[in-house]
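Take this structure first; my questions come after.
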Amino acid sequence: MNISRIDLNLLVYLDVLLRERNVTKAADQLGISQPAMSNGLKRLRVLFDDPLLIRTSKGMTPTERAQEIQPIISELIIGLEKAVQPRAKFNALESEQVFRVMASDYAEATLLPPLIDKLRKHAPGVILDIMTPSDVSFLDVEQGRVDMVINRFDSIPQSFHQKVLWNDDFSCVVSNSNPVLERFSLESYLTANHVWVSKTGMGVGVGMDPDDVQRLGWVDEALSRIGQKRRITVFTRHYQAACLLAEQQDLIATIPSKMARQHDNNPNVTILEPPFIIPPIALTMAWSPLLQHNPAHRWMRLLITQTADDLNRLY
């Protein structure tokens with residue numbers, strides 16, 4: 001086979017097809033039409049003289065040949081991306097680069113303020129464009145249009161690189177005038193009114209159903225496991241708003257502890273340990289393999305990691 005006759009775009013198609021095992025999803029990731037991806041698969045089958053993906057009762061299943069070449073193709077794509085990256089070192093002090101970062105409200109309230117403080121000292125010309133989960137799709141990240149996403153994820157595409165920045169448990173923010181402080185127990189917790197904060201994922205959000213325990217998230221799933229349910233009277237998508245609302249006499253905000261501890265010096269509230277077990281959550285940073293070897297991106301990832309480590313020691 002004359003390698004000069006191979007369309008390298010086909011290898012990119014194959015890499016995504018073998019990961020997604022779905023023509024439509026692969027087309028969406030690459031931003032092309034489904035017919036174009038189907039045509040690409042036909043050309044790949046001719047190129048490799050193999051069906052590559054076969055429709056079975058379990059969906060599209062890779063052939064033995066496809067499984068054999070998948071790691072080779074993946075390494076080739078990553079290697080090509082690395083080869084064309086500029087070798088110049090990133091000069092943080094002189095850089096005016098814009099970093100587009102999707103951050104959940106939780107990450108924005110806890111991680112980003114000290115990160116921006118570090119940027120002012122070490123890279124005063126760098127600009128952060130902070131985006132919300134509803135602004136961004138995984139396709140934006142896959143194609144490098146967003147530098148990184150920082151959130152708590154139920155799942156992340158396998159092609160993404162990721163790093164857990166920290167694990168966090170939960171605390172209750174309670175007004176000092178809330179009667180539950182007289183005897184804070186599971187019983188008094190359940191009879192109180194609660195403010196709920198969104199478990200933000202990717203994509204546009206929708207209204208909440210108080211009876212949909214799975215979509216309500218970690219706190220309510222933990223209560224469901226012990227056969228209990230709290231009374232939620234306010235739904236919000238912002239942790240700062242939840243903390244302000246918790247200053248009202250009849251509301252409890254059960255939120256990640258790193259967020260709650262920012263209110264340690266607030267004379268109007270008390271921070272308490274929940275009267276039941278809530279599994280910890282992980283704050284994760286994820287990014288496209290296209291940016292893995294970019295010098296500026298590596299510098300920013302390191303700065304974010306150092307900032308997270310500092311916060312982890314503080315709280």
Side-chain angles (χ1 to χ4, degrees), residues 8-34 36-38 40-41 44 52-53 55 58-62 66-67 69-82 84-85 99-104 106-107 111 129-167 198-206 214-215 217 281-294 297-298 300-301 304-305 308:
L8 291 180
N9 284 326
L10 285 178
L11 300 184
V12 176
Y13 289 7
L14 180 58
D15 184 45
V16 178
L17 277 166
L18 293 180
R19 282 203 310 270
E20 295 297 331
R21 302 185 183 186
N22 182 290
V23 171
T24 302
K25 289 182 179 179
D28 288 343
Q29 272 210 26
L30 291 173
I32 63 175
S33 68
Q34 193 269 347
M37 179 57 78
S38 295
L41 179 56
L44 283 163
L52 298 175
L53 287 166
R55 192 174 302 280
K58 296 181 179 180
M60 296 291 279
T61 301
Q67 294 178 49
I69 64 176
Q70 183 173 13
I72 300 172
I73 297 298
S74 181
E75 285 292 326
L76 176 61
I77 298 299
I78 292 172
L80 285 171
E81 182 274 327
K82 184 177 180 180
V84 299
Q85 287 290 345
F99 288 93
R100 292 178 174 84
V101 179
M102 186 287 282
S104 64
Y106 167 55
L111 177 67
D129 180 7
I130 302 168
M131 311 172 86
T132 69
S134 61
D135 295 327
V136 175
S137 70
F138 279 135
L139 177 61
D140 295 324
V141 184
E142 176 85 23
Q143 296 184 345
R145 292 195 293 265
V146 175
D147 288 284
M148 58 200 67
V149 289
I150 304 174
N151 203 344
R152 295 155 292 150
F153 299 99
D154 292 327
S155 62
I156 297 176
Q158 291 184 358
S159 62
F160 285 16
H161 293 275
Q162 59 180 290
K163 179 177 179 60
V164 174
L165 296 175
W166 65 54
N167 292 291
S198 169
K199 183 177 79 167
T200 46
M202 302 282 282
V204 178
V206 294
Q214 284 193 326
R215 288 195 62 235
I281 57 171
L283 183 68
T284 301
M285 172 172 61
W287 61 95
S288 168
L290 294 176
L291 297 171
Q292 169 69 5
H293 303 288
N294 181 286
H297 202 271
R298 285 188 302 196
M300 178 57 81
R301 295 198 308 265
I304 290 172
T305 301

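Computed from a predicted model, the values in this text were never measured in an experiment. Quick note: numbers below take in every heavy atom, side chains included, and nothing from hydrogens, waters or symmetry partners.
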Apply side-chain contact (heavy atoms from CB on, under 4.5 Å) to the pair L18 and I73, showing each step before the final yes or no. CA-CA 10 Å; L18 293 180; I73 297 298; 5.6 Å; no
Kindly say whether T24 contributes a backbone atom to a donor-acceptor pair with the side chain of N22 at under 3.5 angstrom?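 A pair under 3.5 Å: yes.
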Taking the six-membered ring for Trp, are W287 and H161 parallel (under 30°), tilted (30 to 60°) or perpendicular (over 60°)?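 The rings of W287 and H161 lie parallel, inter-plane angle below 30°.
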Can you check side-chain contact (heavy atoms from CB on, under 4.5 Å) on M285 and V149, steps first, answer last? CA-CA 6 Å; M285 172 172 61; V149 289; over 6 Å; no
Would you confirm whether D147, through its side chain, and R100, through its main-chain N or O, come within 3.5 Å as a donor-acceptor pair?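 The answer is yes, because a donor-acceptor pair under 3.5 Å joins these two groups.
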Contact summary for R301 and L291, nearest pair of heavy atoms: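 In this case the closest contact between R301 and L291 is NH1-O, 3.4 Å.
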For a quick test of reading the model, state the closest non-hydrogen atom pair linking L17 to A26 and the distance between them.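 Shortest heavy-atom separation between L17 and A26 comes out as CD2-CB, 3.8 Å.
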When you measure from the side chain of R19 to the backbone N and O of L14, does any donor-acceptor pair fall under 3.5 Å?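 The answer is no, because no donor-acceptor pair under 3.5 Å joins these two groups.
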If you measure only the distance, is there a donor-acceptor pair under 3.5 Å linking the side chains of S159 and E142?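 Note: S159 and E142 side chains meet the donor-acceptor criterion.
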State, to 0.1 Å, how close I77 and V12 come at their nearest heavy-atom pair, and which atoms those are.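 Shortest heavy-atom separation between I77 and V12 comes out as CD1-CG2, 3.8 Å.
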Measure across L290 and G144 and return the closest heavy-atom pair with its distance rounded to 0.1 Å.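 Residues L290 and G144, closest heavy atoms: CD1-N, 4.4 Å.
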Please step through side-chain contact (heavy atoms from CB on, under 4.5 Å) for the pair L283 and Y106, ending with a clear verdict. CA-CA 9 Å; L283 183 68; Y106 167 55; 4.0 Å; yes
Check whether any side-chain N or O of S74 sits under 3.5 Å from a backbone N or O of Q70 as a donor-acceptor pair, and report yes or no.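 A pair under 3.5 Å: no.
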